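To start, the structure itself, in C-alpha cells.
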Amino acid sequence: MLKNMDFFCWSLGALQLVPLVLGLELNTYHNTAEVEAFLQNVAKDYPSITYLHSIGKSVSGRDLWVLVLGRSPSAHVVGIPEFKYVANMHGDEVVGREMLLFLIQYFVQNYGTDPVVTGMINNTRIHILPSMNPDGFEKSAYLQQCPYQHGRLNQNMVDLNRNFPDAFQANNIEREPETQAVMKWIQNETFVLSANFHGGAVVASYPYDNRNISTDVVSPDDDVFKYLAQTYSRSHTTMHQGIVCPGSSNFADGITNGYTWYPVQGGMQDYNYVWGQCFEITIELSCCKYPAPLQLPDFWTENRAALLEYMKQVHLDHPP
C-alpha cells in the first residue's frame, strides 16, 4: 500500500466522462425500495466504476445490497486495497444509512473532476452496504423519539451486533441470515479497513468490545486503532469536542475503547479484527437515533470530510 496520498494529484486527462445520477434528496429518509432503485440507477449510469450485488437476504427476504466503486469494481486487483462502510445494523439508527447514500452520490458525481474522489476510486475498491438490517428499518419510524425503538432488532428480534462469533466468550448461538451474509462477505474479500455506523452517541469506538479474565481490554494494535478513531473524530466538525449526549459519557477527543464504554459480546467490530484481519471501528453519528429528516444535510456537512479522511487511511503502511 502507498505511504502517502500523492496519488490523489494524478492527471485526470484519461478519465472517461460519465453522466450525473438523478439527485438524491438530502432532507428525507429513503425506504428500502427507494434505496434499491437509487443503487440500481447508479450502477446503470456508472458501469465503468460501479458494481452492484446482493451479499444475501434478510429474514424477510430483502436484499442486502452492496455497491462497489473502483476502476475494477467487480473483482479484486492485486495492489488495490479493499475498504468497506456498513450502516443501519440497528434498524432504528438511521443517520449512517443516509450518509452512505449521500457518499455514493458524492463519489460518482465528482469522479473525474475532484482529485481526491478520483484518486480514491482509481486506487481503492470501496464497498458500501447502506443497510445491514432493512427489515428493522422498515419497522422503525420517525417518531421524534431518540432512544431505543422497535426497529433496532431484525425480524427475528435479534440484535445483529450481538450475533457474531465472539473471540473471548463462547456464544454458539444461531447466526441470523444477515449475520451469515456479512460473515461470508468478510471471508470472501480481503478487507483491510472498515467502519460501521450507529447512533445514540457521537463518538468513534475501537476494539476490543469484549474480553475475558485472561485478556486485556487493549488490543495488540491499540495505537493504530486510536489513530484511526482520532482520524475520524478530528476530521468531523464536532466529534473531537467530546459531545455529551443525554445519559452518555464524556469522551475525550471523541473516541473510546469499546469495552471501556460498555462490553459487547458477539460484536461485528471484534469479528472483523479477530477473524477477518480487517481493522474496523464503530462510529456513532448522532445523539438521536432517528433525528428529524430536515437535520440530514447538517449531518452530511459534519461527516463528509471525516468519511473521506478515514477512507484514505487504507493507503497508509504505517500510521503515525
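The figures that follow rest on heavy atoms only: side chains count, while hydrogens, waters and symmetry mates do not. As the structure is a computational prediction, the values presented were derived from the model and not from experiment.
Using modelled atom types, one finds no donor on one side chain facing an acceptor on the other under 3.5 Å when comparing N171 with Q265. Residues E280 and N196 have side chains that bring a donor and an acceptor to within less than 3.5 angstrom of each other. Side-chain N/O atoms of S140 and D92 include no donor and acceptor closer than 3.5 Å. Under 3.5 Å, the side chains of N272 and S194 contain no donor-acceptor pair of N or O atoms. No side-chain donor from either of E176 and N163 sits under 3.5 Å from a side-chain acceptor of the other. In summary, the side chains of H30 and E98 do present a donor paired with an acceptor at a separation below 3.5 Å, with no hydrogens or angles considered.
The two residues A229 and I281 make their nearest non-hydrogen contact at CA-CD1, 4.0 Å. The two atoms that bring D114 and V117 nearest to each other are OD1-N, 2.9 Å, heavy atoms only. Scanning all heavy atoms of the two residues, the minimum distance from P177 to S58 falls at CB-C, 4.4 Å. Of all heavy-atom pairs between I121 and L69, the closest is CD1-CD2, 4.3 Å. The nearest pair of heavy atoms linking G56 to A181 is CA-CB, 4.0 Å. Of all heavy-atom pairs between V42 and L67, the closest is CG1-CD2, 3.9 Å.
A donor-acceptor distance shorter than 3.5 angstrom exists from the side chain of N212 to the backbone of F168, with no hydrogens or angles considered. No side-chain donor-acceptor contact under 3.5 Å links N41 to the backbone of A43. Panel note: side chain E34, backbone N31; a donor-acceptor pair is recorded below 3.5 Å. Between the side chain of S235 and the backbone N or O of A306 there is no donor-acceptor pair closer than 3.5 Å. At distances below 3.5 Å, not a single donor-acceptor pair connects side-chain atoms of Q105 with backbone N or O atoms of L101. Within the 3.5 Å criterion, the main-chain N or O of D253 finds a donor-acceptor partner in the side chain of S233. Between the side chain of S219 and the backbone N or O of D221, at least one donor-acceptor pair lies under 3.5 Å. Side-chain atoms of E284 come within 3.5 Å of backbone atoms of G199 as a donor-acceptor pair (strictly under, hydrogens ignored).
Tracing side-chain contacts under 4.5 Å through hydrophobic residues (I, L, V, M, F, W, Y), one reaches V66 starting from I104; they form part of the same cluster. At a threshold of 4.5 Å between side-chain heavy atoms, the hydrophobic network of Ile, Leu, Val, Met, Phe, Trp and Tyr places Y208 and V218 in two separate groups. Placement of Y271 and V217 in two distinct hydrophobic clusters is found when ILVMFWY residues are connected by side-chain heavy-atom separations under 4.5 Å, directly or transitively. In the hydrophobic clustering of ILVMFWY residues, with side-chain heavy atoms under 4.5 Å counting as a link, L228 and W261 come out apart. W275 and M132 end up in the same hydrophobic cluster when Ile, Leu, Val, Met, Phe, Trp and Tyr side chains are linked at under 4.5 Å.
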Would V182 and F164 satisfy side chain to side chain contact (heavy atoms under 4.5 Å, CB included), going step by step from the backbone distance to the final call? CA-CA 10 Å; V182 170; F164 284 81; 4.0 Å; yes
Quick one, Y227 with L316, criterion side chain to side chain contact (heavy atoms under 4.5 Å, CB included). Give me CA distance, side-chain angles, the key distance, then yes/no. CA-CA 12 Å; Y227 166 78; L316 297 183; 3.2 Å; yes
Under the side chain to side chain contact (heavy atoms under 4.5 Å, CB included) criterion, do E178 and V59 qualify, and how do the steps go? CA-CA 7 Å; E178 299 91 344; V59 173; 3.8 Å; yes
Applying side chain to side chain contact (heavy atoms under 4.5 Å, CB included) to L52 and W65, what does each step give before you reach the verdict? CA-CA 7 Å; L52 180 65; W65 291 110; 3.7 Å; yes
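M120 has its side chain out of reach of N122: every pair of non-hydrogen atoms, C-beta onward, lies at least 4.5 Å apart. The side-chain heavy atoms of C287 and I243, taken from C-beta on, include a pair separated by under 4.5 Å. Considering only heavy atoms from C-beta on, T118 stays 4.5 Å or farther from T113 through its side chain. The side-chain heavy atoms of L307 and Y106, taken from C-beta on, include no pair separated by under 4.5 Å. The shortest side-chain heavy-atom distance between H127 and F191 falls under the 4.5 Å cut-off. Put simply, the side chain of Y259 does not reach to within 4.5 Å of the side chain of V264, judged on heavy atoms. Looking at S205 and Y262, their side chains never come closer than 4.5 Å, going by heavy atoms from C-beta outward. Side-chain contact check for Q155 versus K139: some heavy-atom pair is nearer than 4.5 Å.
In this structure, the ring of Y29 has its center no less than 6.0 angstrom from the ring center of F137. In this structure, F102 has its ring center no closer than 6.0 Å to that of F299. Separation of the Y46 and Y111 ring centroids does not fall under the 6.0 Å cut-off.
One finds the CD atom of E25 at 12.0 Å from the CZ atom of F38 (value rounded to the nearest 0.5 Å). With rounding to the nearest 0.5 angstrom, the CG atom of L308 is 7.5 Å from the CZ atom of R304. Distance CD1/I173 to OG1/T179: 8.0 Å, rounded to 0.5 Å. With rounding to the nearest 0.5 Å, the separation of CD in Q109 from CG in L24 is 9.0 Å. Residue D209 holds its CG atom at 7.5 Å from CG of N257, rounded to the nearest 0.5 Å. To the nearest 0.5 Å, the span separating CH2 on W300 from CG on N27 amounts to 15.0 Å.
Using cut-offs of 30° and 60° for the angle between ring planes, the F83 and Y85 rings count as perpendicular.
At a threshold of 4.0 Å, the pair E189-R125 counts as salt-bridged, since one of the basic side-chain nitrogens sits closer than that to a carboxylate oxygen.
Among pairs with a residue in residues 44-128, none fulfils disulfide bond (SG atoms under 2.5 Å apart), at least two apart in sequence or across chains.
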